[in-house]
Undergrad: 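My questions will all concern the structure given below.
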Amino acid sequence: MAASLIERFDISRAEIDAILNETLHGADDGELFLEYRESESLIFDNGRLKAGNFSTDQGFGLRAVAGEAVGFAHAGDFSQGALRRAADAVSAVKTGHSGRMAEAPQGTNQKLYGDENPIPSPGFEAKVKLLQEIDAYLRAKGPDVRQVSVTLGASWQNVEILRADGALVKDVRPLVRINVSVVCGEGDRQETGSFGAGGRSGFGEFLKPETWRSIADTALQQARVNLTAVPAPAGTFDIVLSAGWPGVMLHEAVGHGLEGDFNRKKTSAFSGLMGQQVAARGVTVVDDGTIAEKRGSLTIDDEGTATNRNVLIEDGRLVGYMQDRQNARLMGVSPTGNGRRQSYAHAPMPRMTNTIMLGGAYEPAEILASVKDGIYAVSFGGGQVDITSGKFVFACTEAYRIRNGRVEEPLKGAMLIGNGPDSMHRVSMVGNDMELDTGIGMCGKAGQGVPVGVGQPHLRMDAVTVGGTEA
């Protein structure tokens with residue numbers, strides 16, 4: 001475990017406790033969040049090391065919660081002066097408010113990942129050698145490979161959360177990611193494929209040739225498939241979504257709508273529907289932050305609450321929302337371990353961890369065979385979602401036409417268009433092959449980005465609108 005961040009202040013722990021107690025007296029909740037982070041990224045592009053970055057950042061965020069109001073201030077300076085200035089700013093939120101400080105979160109003995117910093121090992125030269133090997137491996141695959149880009153990234157985050165009652169919790173969080181992008185060409189046409197993996201661990205697994213070659217081969221295969229793809233048709237089709245990463249559509253179109261703040265403010269398409277049927281029977285969705293070493297997993301959230309396996313939709317019925325401490329209190333429920341923040345410079349809010357649709361009874365081949373004329377969506381790129389209406393648009397980066405139960409020609413330019421709550425009622429078959437994505441997800445909300453995981457089995461959705469480019 002790293003040295004205590006509290007000790008980086010130029011004043012004693014007793015003085016820090018006194019300032020915090022005075023600042024939060026009369027508030028409903030609040031904490032002092034301290035963070036130290038190291039980050040590294042290497043980018044190998046066009047046969048050479050294009051960029052190498054290493055940075056450190058540290059600071060604190062001080063928050064006071066009074067009813068629906070939040071006072072928040074942050075600084076990159078562990079000093080008495082910075083803390084007192086933050087305390088003065090935050091205290092203003094308590095004006096005219098008299099609250100009782102909420103109890104601290106219960107502790108946990110679980111630890112979902114190691115403390116070891118992934119950045120020093122392997123060293124810089126070994127990482128560059130790996131990037132060169134991946135580049136050479138792909139370029140040797142054929143003359144159609146025109147460009148290869150490989151990135152390695154890692155971070156090591158040390159956090160401490162101190163409350164007015166003196167309760168202190170700590171967490172040290174590693175995170176790594178590798179991503180490969182390939183451009184293949186034939187004549188004047190060029191197409192891209194990409195694939196990546198990562199998680200809350202060291203680089204060890206990704207240094208194995210069988211691991212990085214699999215990642216590289218998947219990216220190459222996607223580029224070559226897209227090189228032969230024909231324009232996607234437009235219209236209404238039955239859709240089959242592949243297992244794993246396509247769960248990003250569930251994350252965006254449904255997951256955000258189940259976060260506590262949107263539902264407390266009644267701005268979500270799922271507001272007021274607790275206990276009602278919001279999806280087809282057989283659809284069960286959970287947000288699980290307790291899966292060891294997965295990208296979205298946390299031992300504790302950024303308020304100090306232990307993460308949980310939270311059931312959100314059970315057999316199609318809405319049974320829960322994801323909550324931070326403030327929204328849980330205002331809604332009269334318990335926090336779920338979903339209070340997350342990008343860094344010490346941001347206040348926490350309800351956020352997803354690993355959002356998953358559980359498996360059902362059907363074999364994937366059985367689901368594909370059931371479709372007479374449809375689309376098989378294997379991978380997604382970008383998408384847009386309106387939380388209030390639930391409307392979404394998602395671009396497929398790998399998709400195929402299905403005819404009479406057979407997967408046929410690849411498609412280019414397919415866009416899935418729909419409404420989150422409505423689309424969940426269109427699920428007619430849920431596969432038995434649930435899997436998590438490989439560890440590449442990043443989620444944005446209100447200007448904050450946090451790492452997340454997604455997952456689902458193969459599933460069939462009936463009569464979905466597809467935007468295409470077919471003439």
Side-chain angles (χ1 to χ4, degrees), residues 218 221-222 225 232-233 235-255 258 276-288 291 294 309-320 354-380 383 392 394 396-411 414 416-438 441 453-466:
T218 303
Q221 185 263 345
Q222 187 182 101
V225 164
T236 300
F237 295 90
D238 295 335
I239 303 296
V240 176
L241 301 182
S242 183
W245 175 246
V248 69
M249 191 172 88
L250 173 74
H251 167 102
E252 295 287 358
V254 177
L258 299 180
Q276 298 185 31
Q277 202 76 19
V278 297
R281 294 200 176 276
V283 172
T284 295
V285 177
V286 303
D287 185 84
D288 191 348
I291 308 171
K294 287 302 179 181
R309 181 182 184 275
N310 300 302
V311 181
L312 308 174
I313 298 174
E314 186 172 28
D315 197 22
R317 189 170 61 90
L318 180 60
V319 296
N354 303 298
T355 309
I356 305 160
M357 182 185 293
L358 301 187
Y362 293 95
E363 294 289 337
E366 185 180 4
I367 296 175
L368 288 164
S370 72
V371 179
K372 184 177 181 180
D373 183 20
I375 308 289
Y376 181 30
V378 175
S379 186
F380 287 114
F392 64 79
F394 276 91
C396 298
T397 53
E398 184 179 351
Y400 302 84
R401 190 70 177 265
I402 306 173
R403 291 190 180 89
N404 297 316
R406 297 174 61 88
V407 179
E408 298 191 345
E409 74 272 18
L411 301 174
L416 302 190
I417 303 168
N419 174 284
D422 174 69
S423 67
M424 288 297 96
H425 285 288
R426 296 181 183 274
V427 175
S428 58
M429 301 175 76
V430 180
N432 59 8
D433 62 334
M434 195 288 288
E435 65 179 61
L436 290 161
D437 78 291
T438 53
V454 300
Q456 68 171 46
H458 273 79
L459 58 92
R460 171 175 168 162
M461 298 170 63
D462 296 337
V464 175
T465 301
V466 176

Undergrad: Any non-hydrogen side-chain atom of L368 less than 4.5 Å from a side-chain atom of R460?
TA: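 Sidechains of R460 and L368: no contact.
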Undergrad: So, the side chain of Q456 versus the backbone of S242: is there a donor-acceptor pair under 3.5 Å, distance only?
TA: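 Side chain of Q456 to backbone of S242: a pair is present.
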Undergrad: Can you measure from CG (L312) to CZ (R317) and round to the nearest 0.5 angstrom?
TA: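 The distance works out to 12.5 Å.
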Undergrad: Ignoring hydrogens, what is the shortest heavy-atom contact between G374 and R401? Give both atom names and the distance.
TA: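 Residues G374 and R401, closest heavy atoms: O-CD, 3.4 Å.
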Undergrad: Rounded to the nearest 0.5 Å, what's the gap from OG1 on T465 to CZ on F237? Could you check?
TA: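 So the OG1 of T465 and the CZ of F237 are separated by 10.5 Å.
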Undergrad: Enter the distance from L411:CG to E398:CD here, rounded to the nearest 0.5 Å.
TA: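 With rounding to 0.5 Å, CG (L411) is 10.5 Å from CD (E398).
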Undergrad: Of all the heavy-atom pairs spanning V430 and G359, show the shortest one and how long it is.
TA: CG1-C, 4.0 Å
Undergrad: Without swapping roles, check the side chain of W245 against the backbone of T438 for a donor-acceptor pair under 3.5 Å.
TA: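 Absent.
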Undergrad: Is the backbone of P410 close enough, under 3.5 Å, to the side chain of E408 for a donor and an acceptor to pair up by distance?
TA: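 It does not hold such a pair.
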Undergrad: Determine whether S428 and M461 satisfy the following criterion, side chain to side chain contact (heavy atoms under 4.5 Å, CB included), listing intermediate values before the conclusion.
TA: CA-CA 6 Å; S428 58; M461 298 170 63; over 6 Å; no
Undergrad: Compare all side-chain heavy atoms of I291 with those of I356 and state whether any distance is below 4.5 angstrom.
TA: yes
Undergrad: Please find the pair of heavy atoms, one from P457 and one from G431, that lie closest to each other, and give the distance.
TA: CB-O, 3.3 Å
Undergrad: Evaluate M424 against M357 for side chain to side chain contact (heavy atoms under 4.5 Å, CB included), listing each step before the verdict.
TA: CA-CA 11 Å; M424 288 297 96; M357 182 185 293; 4.1 Å; yes
Undergrad: At their closest point, which heavy atom of G420 faces which heavy atom of V254, and how far apart are they?
TA: O-CG2, 4.2 Å
Undergrad: Near R403 CZ, under 6.0 Å, is it more than 12 heavy atoms from other residues, nucleotides or ligands?
TA: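 More than 12 heavy atoms, drawn from other residues, nucleotides or ligands, come within 6.0 Å of this atom.
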Undergrad: Taking all non-hydrogen atoms of both residues, which atom of E363 and which atom of N432 are closest, and how far apart?
TA: OE2-ND2, 3.0 Å
Undergrad: Please test V466 against L416 for side chain to side chain contact (heavy atoms under 4.5 Å, CB included), starting from the C-alpha separation and ending with a verdict.
TA: CA-CA 5 Å; V466 176; L416 302 190; 4.0 Å; yes
Undergrad: Is there a side-chain contact between V278 and P421 in this structure, where contact means two heavy atoms from C-beta onward sitting under 4.5 Å apart?
TA: no
Undergrad: For F392, I'd like to know if atom CZ has over 12 heavy atoms of other residues, nucleotides or ligands within 6.0 Å.
TA: yes
Undergrad: Using modelled atom types and a 3.5 Å cut-off, is there a donor and acceptor pairing between side-chain atoms of D288 and backbone atoms of N354?
TA: no
Undergrad: Atom CG in L459, atom CD1 in I367: separation rounded to 0.5 Å?
TA: 7.0 Å
Undergrad: Does the side chain to side chain contact (heavy atoms under 4.5 Å, CB included) test come out yes or no for N404 and K372, once each step is laid out?
TA: CA-CA 4 Å; N404 297 316; K372 184 177 181 180; 3.7 Å; yes
Undergrad: D437 side chain to G455 main-chain N or O, any donor-acceptor pair under 3.5 Å?
TA: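 Looks like no, no N/O pair under 3.5 Å.
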Undergrad: If the threshold is 4.0 Å, N to carboxylate O, is there a salt bridge linking D462 and R426?
TA: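 Salt bridge between D462 and R426, a charged N being under 4.0 Å from a carboxylate O: no.
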Undergrad: Find the distance between CG (D315) and CD1 (I313) and round it off to the nearest 0.5 Å.
TA: 11.0 Å
Undergrad: Hey, what do you get for NE2 (H458) to CE (M429), rounding to the nearest 0.5 Å?
TA: 11.5 Å
Undergrad: How close do V371 and I402 get, heavy atom to heavy atom, and via which atoms?
TA: O-CG2, 3.7 Å
